Structures are given as structure tokens and as C-alpha cells.
Number of protein chains: 2
Amino acid sequence: MAKALGRPPTSVDIARAAGTSQATVSRALNGGRVAAATRERILAVSRELGYTPNATARAMVTSRTGLVGVVVSDITNPFYPEFLEEIAACLGARRQHMLLQNAAGGDEADAVDLLLQQRVDGIVFTAAVEGSGAVADLVARRFPVVLANRVTDTGCDTVEGDNAAGAAAVVDHLAGLGHRRIAVLAGTPGASTSAQRLAGLRRRLAALGLPPARVVPADFHYDDGVRAATALLTGPEPPTAIVGHNDLLAFAALNAAAALEVPVPERLSVVGFDDVRQASWPILGLTTVRQPLAGMAARSVELLNERIADPALPPRHEVLPAALVVRSTTGPARA
Amino acid sequence: MAKALGRPPTSVDIARAAGTSQATVSRALNGGRVAAATRERILAVSRELGYTPNATARAMVTSRTGLVGVVVSDITNPFYPEFLEEIAACLGARRQHMLLQNAAGGDEADAVDLLLQQRVDGIVFTAAVEGSGAVADLVARRFPVVLANRVTDTGCDTVEGDNAAGAAAVVDHLAGLGHRRIAVLAGTPGASTSAQRLAGLRRRLAALGLPPARVVPADFHYDDGVRAATALLTGPEPPTAIVGHNDLLAFAALNAAAALEVPVPERLSVVGFDDVRQASWPILGLTTVRQPLAGMAARSVELLNERIADPALPPRHEVLPAALVVRSTTGPARA
DNA sequence: CCCGGTGCTGGAGACGTGTGTATACGTATG
DNA sequence: CATACGTATACACACGTCTCCAGCACCGGG
């Protein structure tokens, strides 16, 4: 194995050593029609020389790289690593691979540009919001794109959890516990998940005849969440329940409450969205809406590959069920 | 921008449209000697046609991809996303990009193989342990490799925190609080960080004349940590302090304690390693050894690029300072 | 007028691979 | 025996870019 010290060996080197043509080497390694003895010899030689096919050269001629770009908005949000792990697994099963771009700071256009330069076969966007119109541009060019956990009015494939149903379940749960002053830590303005969850909450509150929720922007970030929750809890008429548009925001609310010595769930109930792994830790025990993580990843990869195979496909929109998981951060509202 | 519907335009297309040769287009876009008027025209045309340089074709001729492979052992361990974010930032400043491989499950050899096929310029390994000898093989072939937060006896560059000093600081802190029965949730057997932290703990315990620590393997995984900590706490002579070789293991200990209704820090003190962001959350408040994350990332990228420039460099080993951060999971040992 | 130098541009080869087309060989068939 | 056919291989080209080298125009000095 540890043979190549200079330039790595090429299929031409293999061909020379095996006494055949380069074309035969290519066919032998890719399952073409080659005599068994020849194939055997070529495989032996290529093993001996430590041959590694050059993916860039292959991409040149096939115009397929086998790479799929994945754009996330903040990789330190624990939701994303879990999602990426699923995505990577689905891609690996198809012998594709992930080129990750972290678009924190809003340089989504830069991220897309890089992925295009690398000639990825398609892109999965999970970033919360599009600021640059980069996605619309790609769709207009018929470049294969899937939006995971996010939708837009651009005509591309989308996969998401049932945010409205999840939000309704949250309201039912809180209302059942007697909560009437409910506040929301909202995600990035313009993010579809945030908008849907908010709409679902409002609709259900109205349907139950409850007062509207107070909505505070928190941009899906922990620090913003702590600031916003602190302001809510120290202001006039503090809420008896806070719904984070994100588990990270819900954790922020828990921490703000702890810092202010507001006991949870006795004086404050907290609910999140996503059900990241930490949410199920006993010391956190967050009540939250579970996102169908594995399903979203699997469908995203499938839809993307279908579109790569046929870019003219009509846009598909899939909604996967989401379910409320009740743990220990919610309890009866104080009388 | 949204022009290209068929094949994306090439530099030849630009040349044709601008009335020059392809060579001049290449020079104009890469800062070669070109008349100002010609450059202007070429830039205008390439913008108009929505030209995106083909990185695979460039890689063919320059034998540089600008891609750096990064191998992690478990991306859902929050340490890694934080580290990756730093790495990506350092790479981005050098116009390089990250090709991530999650080697969970021990398929490190597969991960390396893929990265080599993609012809990455170098690889940063942060995976906890090498099972396959893949790293040794790469080093023997003089392929640029840096080990971050991990060392081996193979002669390649390494960057790590001062694990021994960190461990000593942990022992001093616990001893000062009166702890004598200290247990350790150890990481993957063979992981250098684990070995160093363990050695540091043992040495300091011996130096202080304290009894040796009980060591339980937990493989750096949360679930293993919970099982191990539960066994410790329910067994005979339960420890008064548990040191996780990892913040994740420390959190596991906290959760095991919570499930058993063992109060922290009154009856059990818990310490971790890494200082991930969650550790500083008020509701967790984990006492832990801070890893010099940004510094490790920056030095890893710098060392890797130096080695890419000159593969014959002698191996360098850098140790960055680590510091104990005392929060609320440690307290005096019960009399 | 000739010659050398400078500044810009075009031609052409290379990088490593996949694949369509042609060729050599052996066998079966009429 | 001649033709047809199937199998296995070789030849050649294309993919898009960078870069070396040569060529061209222009200019100033001898």
C-alpha cells in the first residue's frame, strides 16, 4: 500500500505494468466487459501500486462529481450535526459524498458559488433563510436543489416537518395546563419554519379563544434567546410559558430562567422544536416537537437524486409528521 | 446571472464571446498580464454569461484542489462542530475548503480512501483513535497529514492541548475540595487524549499521596457514559467525584446522577474536558478543562499548509495551554 | 533603415479518465 | 472454404483549464 512517494500512479501506469491498454484498465475497474484473467491481473497490479482513481479526472469526462453540496446556517446548533449525520449516511449508500458549507454570517451566495465551482451534482439547503436569492437563481437555471426543513415560493423540491400540526399540539398541551400568557422566541425573520410555527400557534390560540402570543425575535441563536427570554421574564406581565422556535432557543429560555431563579416548570413552562438529543437528557428534559430527522434526510437525498436524473421534473413538496414529546419542562400554570 | 440552462459556460465560451483566446481569458481571471481594456471586456462577458470556473478542470492541470480533508470520529459530539467551524474559518481565509468525513463506526480507512480519490491537498485528523493504520500509511507516503487533538508515534505533525497539565489541575481542584474516591470515565482505548489525561491524573494523584482512580471505559459516547456512571454510583463505595474524559461523558455522569437522585455537587462532583459551549450554560455549569479550540484549529491549518508546501519538513509537535474552568458541578466532598 | 526590447496575445500541449469505434482473433454455419 | 458473428482489446478523442513558448505590434536608439 505505502508505495507511492512521488506522483500517485495513474491508470496508464497500471496499464503499462499489466501489459494492456489504459482503456482496458478503466473497464476492468469499473465493471466493463473484460476477460477474467486480464481483470485479475489488472486488479493485482493496481493493488500493488496503491492505485487510487482520480475523482477530478473522472468528473471531467463524466460531468458528474458524485458530490452533493449541503448548506447549513449554523453548524453549532446541535440540530445540524444530527441532520448531517443522516444525510451523510444516505449519500454514502449511493456512493455520493457531502461537501459541507456553513453559511453562518449570511454568506450564502459565497457558499453556493464555491459549490458550483466544485461542480457538485446538486445542493441540499437547510439554511434557515435565504437572503441573497441564491436559491431562486439556481432554480431558474434548473440546477438540482432541495430545501430541507425550509420552503419558499420558488418552484423547487422541499421536505419539511409538519410545523403547523406541531405548533397546534404545543398550544393544546399548554392550554390544557392552563397557560394563557404564552410568549414565543422566534427564529430568523423570513425563515419558513419560524413563520409556519408561528402561524400554527396563532391559529390554534385563536381557535381556543386564548389571547395572542407575545412574539420576540431571537434569530435561532442561543445568545439572542437568552437576552429575549430575560427581557420577557423581567418585564411587566411575564409569560407563564415560553415556546422556542428551536430547541436551542428553548434551552436559552431555561438558562435565562435559571439565572433569574425562576423555577421550571413551577413558574415557567418551556417548549422547543426539533428534539435534539440533549432534549432527552434527564437534567434538561425538554418538552419539544420532534422533527422527523431521518425521514427528512432520506427524502431529501432521494428527491435530489431524482431531480439530478431529470431536472425537468415538476417540483414536489413533502410534509412529514411531527409529534410533541412531553417531558419535564412543562407543567400546570400557576394560579 | 440566471443565464445558463444547458451546460455551464466554459472559458472557451467566454473567449469566443469576448473575441480573444482561451489563454487570455484564463490570465484575465487569474491576475496574469493582460491589457486593461481586454481584462475589462472579459470580466464583463463572464459576468454576463454567469461563468463559474471549473475547479475539477483546474485541479487536473495544477494538481492542487484547494480541498482539505477533515476526519472526525463523531460529529454529534458538540466538540467537533465547534472545532470544524474554526477550521473552516481558517481554511476560508486561505481560499481552501473543507471536505468533511465522519468516521463514526471506525471506517477510517474508507474515509481516507475517499479523500484521496478526491485528491485533497492534505488531511486533518481529529478522530479519537486510529484503528486501521491509515495515518501511518499516509505518513509513509509523505502525504500531508496533521493530527489535531491527538498524537501518535508516527512521524507527523500534531497539535494538542496540554492534557497532562489540565488533568493535574483537575486533581488539584478535587483534592483541595477533599475528594479521595475519584473515578474516571475514560475515552476510547488507545486514544492519545484519553491516555494523556489518564496519565496526568494518576501522576498527580500519586504525587499528592491520594488513592488511585477507578477507571471505567466509556468510549467517548454519551450512552456508554451513562451506563458506566450508573454502575459506579450504584456499586459499592461509590466515588465522590467523576472525571469525564470528555464533556459529553461528564454530561452523561450528570444525567446518571440525576436519574439516581444523587445531588450534584453535594454528593457528587463532576468534571469534564473540552469546555464546549453548553458547559457554560447556567443550568449545566460544568467544571471542565478548556481546550484551546481556535488556536488548535489555526495551528493545524498552518502546519498542514507548511507541509503541503514542503512535505520533507521534519515533524512538529505543538502543545497549547489548557486551563481548568471551575463552575458549579464541583464542590466539597461530603465528610 | 535595422535591431533589440517590451507588452500583449494566440497556439498548443498537458493533466487522468471514460467511452465510442475499429481491429484482431477464433468459431460456427452454409 | 468463405462469410458472418461474437469476444476481447487497442486506438483516439473529449472534458476545461493552466502555462510555456512563440509571434506580433510598437517603439526608441544606433
Side-chain angles (χ1 to χ4, degrees), chain A residues 4 6-43 45-46 49-67 95 113-121, chain B residues 4 6-43 45-46 49-67 95 113-121:
Chain A
R7 309 256 168 277
T10 72
S11 60
V12 176
D13 298 329
I14 309 298
R16 213 178 338 247
T20 75
S21 75
Q22 179 272 332
T24 302
V25 173
S26 175
R27 276 187 267 263
L29 297 177
N30 296 334
R33 290 166 58 112
V34 176
T38 312
R39 159 171 286 130
E40 205 65 27
R41 188 156 31 99
I42 288 173
L43 288 179
V45 170
S46 78
L49 295 186
Y51 173 69
T52 307
N54 186 325
T56 65
R58 170 181 298 160
M60 285 284 306
V61 53
T62 60
S63 60
R64 281 283 158 83
T65 56
L67 293 177
R95 311 195 135 253
D113 194 55
L114 169 81
L115 295 175
L116 292 181
Q117 287 190 21
Q118 298 293 337
R119 293 297 190 265
V120 294
D121 296 335
Chain B
R7 308 257 169 275
T10 71
S11 57
V12 176
D13 298 328
I14 309 298
R16 209 170 351 241
T20 74
S21 74
Q22 184 273 333
T24 303
V25 172
S26 176
R27 274 188 286 259
L29 297 177
N30 296 332
R33 286 165 56 119
V34 176
T38 312
R39 158 169 289 130
E40 207 63 27
R41 188 156 31 100
I42 289 174
L43 289 178
V45 170
S46 77
L49 294 186
Y51 173 69
T52 307
N54 186 325
T56 64
R58 171 179 298 162
M60 285 285 303
V61 52
T62 60
S63 60
R64 281 283 157 82
T65 56
L67 293 176
R95 310 195 135 253
D113 196 53
L114 168 80
L115 294 176
L116 292 181
Q117 287 190 22
Q118 298 292 339
R119 294 294 190 266
V120 294
D121 296 334

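Per chain, numbering begins at 1; letters A, B, ... match sequence-line order. Values in this document were obtained by computation on a predicted structure and should not be read as measured data.
- The minimum heavy-atom distance linking A:Q118 with A:T65 is given by the pair O-CG2, 3.7 Å.
- Counting only heavy atoms from C-beta outward, the side chains of A:Y51 and A:V25 never approach each other to under 4.5 Å.
- Taking all atoms of both residues into account, the shortest heavy-atom contact from B:A59 to A:T56 is CB-CG2, 4.2 Å.
- Between A:L49 and A:I14, the shortest heavy-atom contact is CD1-CD1, 3.8 Å.
- Across all strands shown, A:T38 has heavy atoms under 4.0 Å from sugar-phosphate atoms exclusively, and none from any base.
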Does the protein touch nucleotides 10-20 of chain C at the base, only the backbone, or not at all? Give it as B, S and - per nucleotide, heavy atoms under 4.0 Å.
BB---BBBBBB

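- Contact check for B:L29 versus B:R39: no side-chain heavy atoms found under the 4.5 Å cut-off.
- In terms of heavy atoms, B:R27 sits closest to B:R33 at CD-O, 4.1 Å.
- Extent of DNA chain D lying under 4.0 Å from chain A heavy atoms, first and last nucleotide in 5' to 3' order, is D:dT7 to D:dG16.
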Evaluate side chain to side chain donor-acceptor pair (under 3.5 Å) for B:T52 paired with A:Q117, printing each intermediate quantity in order.
CA-CA 6 Å; B:T52 307; A:Q117 287 190 21; over 6 Å; no

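- In this structure, B:S11 and B:Q22 approach most closely via the heavy-atom pair OG-NE2, 3.2 Å.
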